[in-house]
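Working notes, structure below.
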Amino acid sequence: MKQNHEFLSHLNPSQNLAVKHFCGPMLVVAGAGSGKTRALTYRIAHLILNHQVNPENILAVTFTNKAAREMKERIEHIFANLMAQEKYSKPLDLLPESDQKQLLSRVYKTITKPLWIGTFHRICVRILRYDIDKYQDEKKRVWKKNFSIIDESDAQSIVKNIVTKKLNLDDKKFEPRSVRYQISNAKNKGLYPQQLAAENNNNYKGRILAEVYEEYQAQLAANNCLDFDDLILIPVRLLQENESLLSYWHSQFHHILVDEYQDTNYTQYQLIRLLSTNGENQKELWNWQNRSLFVVGDADQSIYSFRMADFTILLNFQQDFGDNLPYEDTRTIIKLEENYRSRENILALANNLIKNNIQRIEKVLKPTKTWGEEIYWYQGENEEDEARFIVNKIQQLMRENPELDEGSFAVLYRINTQSRPIEDELIKTNTLYKIVGGLKFYDRKEIKDALAYLRVIVNPDDTVSLLRIINTPRRGIGKTTINSLLEAARELNMPLWEIIKDETSVNTIAGRAAKKVNKFAQIIQECQEKLETASAVDIFHQIMDSSNYIEDLQKQGTDEAENRLENINELLNTIVLFHENNEENSLEEYLISISLNSDLDNLNENEKAVSLMTLHSAKGLEFKIVFMVGLEQGILPHYRSLKDDFTIEEERRLCYVGITRAQERLFLSHAKERFLWGSRDITQPSQFAKEFPEDLITTNGNSFTKKTRSKDTQTQNTNVQVQQTSNGSKSRPVINETISKRNINQTNLSQDFAVGDRILHKSFGEGEITHIFKSNKKTHIAIKFSTGQKIVDPKLAPIEKISST
DNA sequence: TAACGTCAGGTTTTT
DNA sequence: CCTGACGTTA
């Protein structure tokens with residue numbers, strides 16, 4: 001295509017400066033609604049079109065899949081439009097549909113497909129799919145390319161199991177939830193278990209945390225699984241430890257763009273830094289020739305510090321990468337302050353709120369739209385009254401304004417449980433609505449079961465999933481059978497599947513259930529054989545059928561079973577959809593995709609439905625009319641954030657994010673009393689309400705106009721510390737395996753066999769005895785043949801000893 | 001061995 | 001309010 005600068009004429013001066021930035025570092029401080037996506041997409045187009053940058057050398061990292069998709073689409077349109085002009089001298093949307101499609105698909109092939117656009121997690125998975133086999137962790141653990149990704153609830157149950165079963169600890173003192181959280185935080189900071197202990201001064205609690213972390217990691221490795229944090233952390237370590245890989249990926253990405261830079265955590269920052277600088281620490285030695293690092297963010301919209309996002313990374317960009325000159329002289333910062341989204345009064349409210357934060361880059365949103373209709377503060381009697389007000393108002397506005405439909409409205413809240421009364425009211429009045437997030441489709445039993453089947457097919461080392469389905473539906477593989485299989489697996493230090501898939505071993509160990517175990521192994525293997533050739537849809541059909549999962553539910557005939565079947569069907573729909581939208585439609589890719597996709601990604605803005613979601617989910621979105629509900633002390637700000645200024649500031653940013661979602665109108669509300677967490681309580685209006693200038697707001701209540709004693713609620717320092725005291729637990733871990741192993745090895749058991757003996761098997765050939773199992777009833781031996789490991793019964797197996805050690 | 005009932009405990013935000 | 005853990009029963 002020809003060079004073209006004309007399309008840049010849609011930009012304001014600051015945007016233009018940002019887009020035309022070519023090499024070196026650049027921070028774009030982009031306020032809400034200031035057109036940062038436009039700056040990003042135009043810049044990418046400009047790099048490709050006018051600087052002849054190869055799309056595959058551009059890396060653009062976003063925070064959500066939705067943002068990534070949006071960027072791709074917008075880039076696609078920029079190019080398709082330019083091509084339409086060049087080829088037909090017409091804008092794209094005036095062309096016949098077939099021509100449009102053809103142009104778009106050409107752009108897809110040549111531009112957007114080779115571009116690296118995605119979330120940190122998505123990009124990292126891609127890197128890991130190439131290189132994870134070159135990684136070895138500090139304990140020499142390795143992962144394979146068919147790894148599976150576990151979700152948060154899986155992670156928590158693993159931790160819980162370690163705390164209560166393996167280490168025999170009191171789960172009151174070591175709440176699995178909190179332990180998991182701390183492990184996650186440690187990983188996000190790039191810490192190893194010992195470093196986590198050190199961070200806790202190596203006290204009892206710290207040592208236990210480290211121990212759980214260590215065991216957790218061992219189990220993930222044993223199952224060939226990764227959690228979300230690993231997806232970032234492992235690439236970082238890989239790049240730190242492997243110079244040639246680092247230089248490979250460094251030279252892959254010439255131009256790196258990061259969206260929502262304020263949301264990056266330490267490991268994500270390290271990843272970006274490594275890729276940009278090739279691991280060179282001295283700033284003077286960085287080579288920016290034909291390279292750039294372009295980050296866009298807004299410290300005022302940093303709302304993920306609970307997930308270790310650290311907006312000081314953004315605040316430090318100037319020292320880190322930039323020219324470190326004061327703002328008047330710097331050539332590495334551009335501010336986008338013009339707001340194209342909201343009415344002037346809405347922006348005034350937002351500005352007045354956020355200026356109360358100390359930690360920020362000074363920035364004022366400047367309106368391009370005029371003053372709008374009043375911002376209304378509704379004081380409800382209780383949460384039902386609040387809900388009624390909202391829904392009535394929605395109905396009324398739709399009646400009065402035919403250009404509005406349900407899709408014009410969003411109801412935003414701090415916590416998911418707040419959706420309930422509003423949902424009830426919407427149902428009562430037959431108003432179309434959708435809830436984003438909160439509902440946990442993938443947490444349902446039947447969905448977890450179905451996915452466990454798929455995971456085992458792809459990654460049979462995933463013992464957690466394997467155990468989940470081995471007897472679901474009931475196929476007569478009981479606890480005793482499973483335990484003896486597990487015991488053997490543990491003894492041989494191999495995944496359970498390795499035992500299960502081997503008929504001989506199963507026949508030896510499982511006794512009467514052997515036939516059933518073999519049958520089970522067979523249905524899994526039949527699917528595995530098709531992995532290369534069949535699509536995810538085909539394999540799903542086959543396994544749901546051959547496992548009798550569907551049939552079992554159908555037989556039950558209850559309403560609940562009926563419901564489960566529906567959900568399975570819905571899952572099938574997601575697979576079909578995936579199949580339609582992706583060229584790469586293997587089962588592996590499907591599993592990765594659902595692990596990394598969220599509810600938010602399915603949000604269709606054009607759908608005619610009121611959107612209900614949390615303030616967190618709303619970031620990056622905009623609506624004509626926004627209701628922010630439950631502005632009460634304890635909800636917004638959340639009671640767990642009342643403890644210090646830092647967290648209060650984050651709550652204030654959350655409130656700011658909510659306000660700045662609104663284009664035309666904003667409604668704020670609170671209820672005088674609310675049923676929450678099992679009891680009905682009197683509430684206080686949010687402290688943030690006192691920061692709203694009165695003249696910007698109209699209200700039905702008195703809570704607002706009365707300037708209540710503003711100090712006393714703020715200075716109360718609730719000393720509710722979540723930390724556990726770290727003393728008193730007497731339990732110490734007993735490592736049973738090593739003890740029993742030692743016993744076995746010392747006792748010279750059964751007949752003449754001993755570990756290390758070489759034997760000859762009638763059908764498997766020569767092998768070496770690696771283990772001897774002895775239970776009170778039976779003795780088994782494990783033999784390593786050239787074809788693999790097998791467990792046999794020495795009394796029955798056709799073996800003879802060749803030599804002993 | 002499974003299914004059922006009772007009880008207590010824990011409820012922020014999510015890639 | 002929901003979930004999960006645990007004990008009882010068939």
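Order of the sequence lines sets the chain letters (A, B, ...), proteins ahead of strands, with each chain counted from 1. The structure presented is a predicted model; accordingly, all values stated were derived computationally and were not measured. Values below: all heavy atoms of this structure, side chains included; hydrogens, waters and symmetry mates excluded.
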Whole angstrom value for the distance that separates P of B:dG10 from CD of A:Q156
13 Å

Heavy atoms from C-beta onward define the side chain here; which of B:dT15, B:dA2, C:dC2 lies closest to that of A:R474?
B:dA2

When you compare the protein's N or O atoms with those of nucleotides 4-10 of chain C, which come within less than 3.5 Å of each other, and at what distance?
residue: C:dA5; atom: OP1; partner: A:K160; partner atom: NZ; Å: 2.3

Does B:dT14 have OP1 or OP2 sitting under 4.0 Å from an N or O in the side chain of A:T614?
yes

May I have the distance from A:L636 (atom CG) to B:dT12 (atom P), rounded to whole angstrom?
15 Å

Residues passing the side chain to side chain donor-acceptor pair (under 3.5 Å) test with A:Y269, sequence neighbours excluded, are A:R273, A:D320

More 5' along DNA chain B: A:E651 or A:K479, using each one's nearest nucleotide?
A:K479

Tell me whether the side-chain N/O atoms of A:N416 come closer than 4.0 Å to OP1 or OP2 in B:dT12.
no

Using the rule for Phe, Tyr, His and the six-membered ring of Trp, do A:F306 and B:dT13 stack at under 5.5 Å and under 30°?
yes

Between A:S617 and B:dT14, is there a side-chain N or O to OP1/OP2 distance below 4.0 Å?
yes

I'd like to check the side chain to side chain donor-acceptor pair (under 3.5 Å) partners of A:T481; sequence neighbours left out, ordered by chain and number.
none

Within this structure, what is the CZ-to-P distance between A:R420 and B:dT11, rounded to whole angstrom?
18 Å

Atom pair distance, as rounded to whole Å: CG in A:D263 and P in B:dT13:
17 Å

Mind calculating the distance between OH (A:Y413) and P (B:dT14) to the nearest angstrom?
9 Å

If I take atom CD in residue A:E175 and atom P in nucleotide B:dT12, what distance separates them, rounded to the nearest angstrom?
11 Å

Rounded to the nearest Å, what distance is computed from the NZ atom of residue A:K66 to the C1' atom of nucleotide B:dT14?
16 Å

Partners passing side chain to side chain donor-acceptor pair (under 3.5 Å) against A:T647 (at least two apart in sequence or in another chain)
A:D644

From CZ of A:R414 over to C1' of B:dT13, roughly how many Å is that when rounded to an integer?
5 Å

Are more than 12 heavy atoms from other residues, nucleotides or ligands located less than 6.0 Å from atom CZ of A:F688?
yes

Mapping A:E152 and A:N471 onto DNA chain B by nearest heavy atom, which one lands closer to the 5' end?
A:N471

Within the structure, does a side-chain N or O atom of A:R444 lie under 4.0 Å from either OP1 or OP2 of C:dT3?
no

Testing B:dT11, C:dC2, B:dT15 for proximity to the side chain of A:H121, the answer is B:dT15

Hits for salt bridge (Lys or Arg N to Asp or Glu O under 4.0 Å) against A:R661, two or more places apart or cross-chain, chain-then-number order -> none

Does A:F120 reach a base, just sugar-phosphate, or nothing at all? Heavy atoms under 4.0 Å.
nothing

Just checking A:R177: base, sugar-phosphate only, or nothing, at a heavy-atom cut-off of under 4.0 Å?
sugar-phosphate

Quick one: is the NZ or CZ of A:K619 closer than 6.0 Å to the six-membered ring centre of A:F63, and within 45° of its axis?
yes

For nucleotides C:dG4 and B:dT13, find the distance between their P atoms and express it as a whole number of Å.
16 Å

Across all chains, not counting sequence neighbours, the salt bridge (Lys or Arg N to Asp or Glu O under 4.0 Å) partners of A:D131 are A:K134

Can the ring centroids of A:F306 and A:H616 be said to lie less than 6.0 angstrom from one another?
yes

Of B:dT13, B:dT15, B:dT1, the nucleotide closest to the side chain of A:T480 is B:dT1

N/O (side chain, A:R640) to phosphate O (OP1/OP2, B:dT13) under 4.0 Å
no

Side-chain contact test, heavy atoms from C-beta onward, threshold under 4.5 Å: evaluate it for A:W116 versus A:I123 and give yes or no.
yes

I want to check one thing: is the phosphate of B:dT13, taken as OP1 and OP2, less than 4.0 Å away from some side-chain N or O of A:R653?
no

Using the six-membered base ring of B:dT12, report whether A:H638 stacks on it, requiring centroids under 5.5 Å and planes under 30° apart.
yes

